[in-house]
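Since we're looking at a predicted model, the values are computed, not measured. Protein chains get the first letters and strands the later ones, always in sequence-line order, with residue 1 at the start of each.
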Amino acid sequence: MPELPEVETIRRSIALPLQGQIIKAVIVREPRLRWSVPNTLTACLLGQSIQDIQRRGKYLLFQCEQGHLLIHLGMSGNLRLLPAKTPVKKHDHLDIVFHNELCLRYHDPRRFGCVLWTSDPVSQHPLLMNLGLEPLEPDFTGDYLYRLAQQRKVPIKTYIMNSRIVVGVGNIYANESLFLASIHPTKPSGQINLERYQCLAKSIQQVLSTAIESGGTTLRDFMDSAGNPGYFKPLLQIYGRTGQPCNQCGNPIQQQQLAQRVTYYCSTCQG
DNA sequence: AAAAGGACCTGGTGGC
DNA sequence: TGCCACCAGGTCCTTT
């Protein structure tokens, strides 16, 4: 479900209400996520307060006094901030209850996400230590993308979805960014020149920033922690628009499978 | 070292 | 209405 803009939208909607809140209880109803919820989680979290909530790629990092709670939402996860007594629904796998009687409720039908704890420096965590650059940080540039792409043959779309290169770019925003940069998704990443990469880096930043400002993309069920949908869907230029006219040239949008992901493009505009 | 494909899950949709 | 195949916003792991 959530790519970087959706995770960032959730982060922003919980950061202020949870800052300084003390954890009163942890309720694990279903520990079988992508990785099992550690059975020590309750003991780790109890009595601690949330000092800050950061994001790294699509991971949410809850900074506590003794370490970090690490949450990934996978394909179908979401987090809601609810009164602690709100009736539980199917797939509400975990609650973190605070002293103010609010709870952060993790819901994830497909269970591709995870809820983990680490008391080590969070950047050293095995799931985080090999991640590439944050696309909205200043060190993410066309030069960087160009340099790492040399000798590579993977299609550019697969390349920008590789989290060891750059984090947070999932299927929706990879398609959108390549359309904005007028680059064909199957073009081998090692055959793109520096100038095109500079354009692509800017396109990725623009698409992600605009999506964050819009509160993310709600295709089916994305919502922020208060239950609000995102408003970026009508701004999508290419994703999910097979057969519809390209907004730039009017020719029908094409679709093909690339690395097991649906890929949309305009064969006229994305030479 | 890089690329390709399978695996992990449930729910919604569309065809018959 | 029911059954079935197929598809979905992610990404790690194994194999080539």
- [ ] Would you mind classifying the nucleic acid contact of Y159(A) as base, sugar-phosphate or nothing, using non-hydrogen atoms under 4.0 angstrom?
- [x] nothing
Task: Proximity to DNA chain C (any heavy atom under 4.0 Å), residues of residues 26-39 of chain A only - done: R34(A), W35(A)
TODO: Apply side-chain contact (heavy atoms from CB on, under 4.5 Å) to S123(A) and list each qualifying residue two or more places apart in sequence or on a separate chain.
DONE: none
Open item on the list: If you compare all heavy atoms of T141(A) against all heavy atoms of A201(A), which two are closest, and at what distance to 0.1 Å?
Closed with: C-CB, 3.7 Å
Produce the list of close N/O pairs, under 3.5 Å, pairing protein atoms with atoms of nucleotides 14-16 of chain C; give distances to one decimal.
none

Task: Partner set under side-chain hydrogen bond (donor to acceptor under 3.5 Å, both in side chains) for Q270(A), not counting sequence neighbours - done: none
Task: Residue pairs passing the salt bridge (charged side-chain N to carboxylate O under 4.0 Å, His left out) test where at least one lies in residues 140-153 of chain A, sequence neighbours excluded - done: none
Task: Partner set under side-chain hydrogen bond (donor to acceptor under 3.5 Å, both in side chains) for R11(A), not counting sequence neighbours - done: E8(A)
Open item on the list: Once side-chain hydrogen bond (donor to acceptor under 3.5 Å, both in side chains) is applied, do any residues pair with E137(A), and if so which ones, sequence neighbours excluded?
Closed with: none
Task: T40(A): side-chain contact (heavy atoms from CB on, under 4.5 Å) partners, not counting sequence neighbours - done: P38(A), C44(A)
Is there any protein nitrogen or oxygen under 3.5 Å from a nitrogen or oxygen in nucleotides 11-14 of chain B, and what are the pairs?
residue: dG11(B); atom: OP1; partner: K90(A); partner atom: NZ; Å: 3.3
residue: dG11(B); atom: OP1; partner: H91(A); partner atom: NE2; Å: 2.5

TODO: Under the side-chain contact (heavy atoms from CB on, under 4.5 Å) rule, collect the residues that match up with H72(A), sequence neighbours excluded.
DONE: K58(A), Y59(A), C114(A)
Open item on the list: Wobble G-U and Watson-Crick pairs count when both distances are under 3.5 Å; given that, what is the 5' to 3' dot-bracket string of DNA chain B, with | for pairing to other strands?
Closed with: .|||||||.|||||||
- [ ] Would you indicate what Q151(A) reaches in the nucleic acid, counting non-hydrogen atoms under 4.0 angstrom: base, sugar-phosphate, or nothing?
- [x] nothing
TODO: Select base, sugar-phosphate, or nothing to describe what Y239(A) touches, counting heavy atoms under 4.0 Å on all strands.
DONE: sugar-phosphate
In residues 227-234 of chain A, what donor-acceptor pairs under 3.5 Å come from side-chain atoms, sequence neighbours left out?
residue: N228(A); atom: ND2; partner: D224(A); partner atom: OD1; Å: 3.3
residue: N228(A); atom: ND2; partner: D224(A); partner atom: OD2; Å: 3.1

